[in-house]
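Values in this document were obtained by computation on a predicted structure and should not be read as measured data.
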Amino acid sequence: MYYNLPGLDKFIIIHPPALVNILRSFVTDAQFWPADTDLRYILETMTNTGRIYKRDLLKIWEQPQFNQYMQEDAIKEFVLKLLVHLDILIVPKAFKQSSTDVYLVPCMIKATRPDFNNLESQREKTICLQYILSDSSIPSALAYKVIGAAVIAWPLKEEKDKPCLYHKAAVLNVTEDDELRIWVDDNRVNVYMTNKKSLLSISPDAAASIQECLTKNIESSLIFYHSSFGGTLNPTRVSELYYMEIGIPCGSETCFISSLKSQKLTNGHARTERNIKQTTYGTGYLTSVGCAGLTDIELQTQPSDKHLVRLGSQIEHGMFREFFLNLGMELQKWHSTESTYTTHSSEGIRSMALKQWKTCNLSKLKDPTLKDLSDALLKVKLDSHLVCQVRIAFHQF
């Protein structure tokens with residue numbers, strides 16, 4: 001085996017089983033731990049915290065059955081770099097004790113993650129993202145690589161001097177106020193981003209950057225996983241192996257909407273993004289039973305043009321006129337808008353009408369709010385939960 005990469009290109013592995021035996025020195029079950037008390041303590045600490053120091057790993061490798069493969073320090077350094085390249089050992093983004101001689105071992109952590117779905121007081125401060133893979137389950141090797149890539153990108157949160165690293169899960173500090181929870185469950189990679197203050201304090205740019213980073217991590221992990229088992233995967237087609245859904249907690253559940261232009265359904269057919277949205281809204285998929293809706297603070301938010309375009313695209317043209325009138329606008333204004341923008345699509349006309357509603361209110365020194373939109377939806381017996389989706393559009397990853 002030969003790796004034509006900087007730092008790895010000075011050695012050739014002529015007996016690959018030797019590497020497997022070296023890996024067994026710390027990636028192994030407790031029943032195979034050595035009898036030495038100190039070594040057992042090192043391995044037990046690693047399985048509890050997911051963390052191992054370089055000096056402790058080198059101590060494990062001093063055992064004759066492993067030292068026979070690495071009698072020179074240069075070989076040990078090569079093996080360390082190789083294990084980092086393979087994401088078996090992870091160099092963490094940052095620890096409070098800032099040390100370059102500590103590694104994380106996601107595949108060996110046994111700590112059970114807390115219930116990340118139980119958001120309690122954080123429910124109204126959280127946005128959600130999930131990657132759903134086409135396979136029925138995510139192989140453990142791929143799950144560990146996904147978690148490892150996240151830990152490389154963002155610093156792990158620490159509680160009581162212990163990193164929040166769990167079995168196929170982690171909690172990360174994106175910023176001083178933003179926390180990221182990521183875990184792998186069945187065929188889903190779940191991501192929750194929570195702000196200490198409020199949902200409105202989450203920067204859309206920061207959320208978009210996180211989503212882009214996560215997507216690249218997952219795609220690179222999929223490519224690496226396929227190549228490691230002798231397969232080939234065209235990078236341009238890796239996006240066909242998963243799709244994303246974006247959501248926010250609503251009541252006791254979470255509302256999700258697809259973020260892709262197409263989605264592979266269980267019957268093998270594909271639908272466009274517009275059809276997906278029409279289906280989910282039409283069937284009430286996005287309306288949680290007992291949904292608490294937006295908070296009073298969020299309802300007082302002034303909708304942006306992006307909000308209005310999104311909302312206008314979700315209301316049928318035949319129903320929109322009545323909705324427009326219930327916003328306090330005159331029928332003449334609606335006819336004028338249709339006439340002025342007659343060359344636009346029906347969605348474009350509805351969006352321009354909502355923008356005119358906003359402009360009209362501002363000219364009268366009135367603040368147009370999401371509550372105004374929500375109230376008008378209720379008056380025409382449309383799902384006011386559409387405004388909840390407007391919030392997703394604004395804060396989506």
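- Residue pairs meeting the side chain to side chain donor-acceptor pair (under 3.5 Å) criterion with at least one member in residues 68-77, sequence neighbours excluded, are N21-Y69, K54-E77.
- The hydrophobic clustering, which links ILVMFWY residues whose side-chain heavy atoms are closer than 4.5 Å, places M319 and I349 together.
- For D178, the side chain to side chain donor-acceptor pair (under 3.5 Å) criterion is met by T175, N195, not counting sequence neighbours.
- No more than 12 heavy atoms of other residues, nucleotides or ligands shown are found within 6.0 angstrom of CD1 on I12.
- Remark: side-chain polar atoms of K196 are paired, donor with acceptor, to backbone N or O of E176 under 3.5 angstrom.
- Partners of Y41 by ring pair (Phe, Tyr, Trp, His ring centres under 6.0 Å), not counting sequence neighbours: none found.
- A cation-pi arrangement is absent between R321 and F324 under the rule of less than 6.0 angstrom and at most 45 degrees off the ring axis.
- No donor-acceptor distance shorter than 3.5 angstrom exists from the side chain of S374 to the backbone of L370, with no hydrogens or angles considered.
- No side-chain heavy atom of D56 sits less than 4.5 Å from a side-chain heavy atom of D38.
- For the atom pair OG1 (T112) and NZ (K110), the distance works out to 10.5 Å, reported to the nearest 0.5 Å.
- In terms of modelled atom types and a separation under 3.5 Å, the side chain of N48 and the main chain of E44 share a donor-acceptor contact.
- Of the possible polar contacts, none joining the T28 side chain to the S25 backbone as a donor-acceptor pair under 3.5 Å is found.
- For residues 163-186, the pairs satisfying ring pair (Phe, Tyr, Trp, His ring centres under 6.0 Å) are F116-W183, W183-Y192, with sequence neighbours left out.
- The two residues P34 and Q63 have their closest heavy-atom pair at CB-OE1, 3.5 Å.
- Looking only at side-chain heavy atoms (C-beta outward), I42 and I52 come within less than 4.5 Å of each other.
- Atom CD of E316 has 12 or fewer heavy atoms from other residues, nucleotides or ligands within 6.0 Å.
- Residues R40 and D36 are not paired through a salt bridge, judged by the lack of any N-O separation under 4.0 Å between the basic side chain and the carboxylate.
- For the pair M108 and V27, the tightest heavy-atom approach, listed with the atom from each and the gap, is SD-CA, 3.7 Å.
- Remark: the backbone N or O of A170 is not paired with any side-chain donor or acceptor of R113 at under 3.5 angstrom.
- No donor-acceptor pair under 3.5 Å is formed between the side chain of D372 and the backbone N or O of P368.
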Exercise. Going through the checks in order, is the side-chain hydrogen bond (donor to acceptor under 3.5 Å, both in side chains) test met by E245 and Y131?
Worked result: CA-CA 7 Å; E245 290 186 343; Y131 294 83; over 6 Å; no
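- Rounded to the nearest 0.5 Å, atoms CG (L142) and CG (L133) are 6.5 Å apart.
- Counted within 6.0 Å of CD on Q302, heavy atoms from surrounding residues, nucleotides or ligands total more than 12; the atom is thus considered enclosed.
- Remark: T126 OG1 to M193 CE distance equals 10.0 Å, nearest 0.5 Å.
- Residues satisfying the ring pair (Phe, Tyr, Trp, His ring centres under 6.0 Å) test with W61, not counting sequence neighbours, are none.
- Checked by atom type and distance alone, the side chain of S339 never pairs as donor or acceptor with a backbone atom of H335 at under 3.5 Å.
- N187 places no side-chain N or O within donor-acceptor distance of the main-chain N or O of I132, the cut-off being under 3.5 Å.
- Looking at heavy atoms from C-beta onward, I152 lies out of side-chain contact with V91 at the 4.5 angstrom threshold.
- Summarising the geometry, atom CE belonging to M244 is positioned 9.5 Å from atom CG belonging to L214; distances are rounded to the nearest 0.5 Å.
- Put simply, the side chain of T215 gets close to the backbone of Q211: a donor and an acceptor are under 3.5 Å apart.
- Residues passing the side chain to side chain donor-acceptor pair (under 3.5 Å) test with Q356 are T337, sequence neighbours excluded.
- The heavy-atom pair separating E159 from C164 by the smallest distance is CG-SG, 3.7 Å.
- With sequence neighbours excluded, no residue forms a salt bridge (charged side-chain N to carboxylate O under 4.0 Å, His left out) with D9.
- For I14, the CD1 atom sits in a loose shell: 12 or fewer heavy atoms of surrounding residues, nucleotides or ligands are nearer than 6.0 Å.
- When side chains are defined from C-beta on, E322 counts as touching N326, because their heavy atoms get closer than 4.5 Å.
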For this session: Would you please test L241 and S134 for side-chain contact (heavy atoms from CB on, under 4.5 Å) and show each step?
Result: CA-CA 5 Å; L241 299 180; S134 55; 4.2 Å; yes
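- Hydrophobic clustering (ILVMFWY, side-chain heavy atoms < 4.5 Å, transitive): L362 and L299 are in distinct clusters.
- Smallest separation of non-hydrogen atoms from A150 and I182: CB-CD1, 4.2 Å.
- Sorted by first then second residue, the ring pair (Phe, Tyr, Trp, His ring centres under 6.0 Å) pairs that include residues 2-26, not counting sequence neighbours, are Y3-H85, F11-F78.
- Placement of F323 and L378 in two distinct hydrophobic clusters is found when ILVMFWY residues are connected by side-chain heavy-atom separations under 4.5 Å, directly or transitively.
- The backbone N or O of S209 sits nowhere less than 3.5 Å from a side-chain atom of E212 that would complete a donor-acceptor pair.
- By the 4.5 Å heavy-atom criterion applied to side chains, L165 and L104 are counted as neighbours.
- Residues in residues 351-379 take part in no ring pair (Phe, Tyr, Trp, His ring centres under 6.0 Å) pair, two or more places apart or across chains.
- Scanning for side chain to side chain donor-acceptor pair (under 3.5 Å) contacts around K81 gives an empty result, with sequence neighbours left out.
- Judged as a ring pair (Phe, Tyr, Trp, His ring centres under 6.0 Å), and not counting sequence neighbours, Y144 has no contacts.
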For this session: May I have the step-by-step check of salt bridge (charged side-chain N to carboxylate O under 4.0 Å, His left out) for K371 and D375, ending in yes or no?
Result: CA-CA 6 Å; K371 186 177 187 306; D375 290 344; 2.9 Å; yes
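- Clustering ILVMFWY residues whenever any of their side-chain heavy atoms sit less than 4.5 angstrom apart, transitively, puts M1 in the very cluster that holds L5.
- In this structure, CG on L57 lies 10.5 Å from CZ on F66, to the nearest 0.5 angstrom.
- Among the candidates L327, D367, L373, D305, the single residue satisfying the side chain to side chain contact (heavy atoms under 4.5 Å, CB included) test with K358 is D305.
- Residues V189 and Q130 form no side-chain contact, since every pair of their non-hydrogen atoms from C-beta on lies 4.5 Å or further apart.
- The nearest pair of heavy atoms linking L180 to V191 is CD1-CG1, 3.6 Å.
- For the side chain to side chain donor-acceptor pair (under 3.5 Å) test, residues two or more places apart in sequence or in another chain that qualify with K168 are S140.
- L354 places a side-chain heavy atom less than 4.5 Å from the side chain of F320.
- When side chains are defined from C-beta on, K157 does not count as touching P163, because their heavy atoms never get closer than 4.5 Å.
- With rounding to the nearest 0.5 Å, the separation of OG1 in T45 from CZ in R51 is 9.5 Å.
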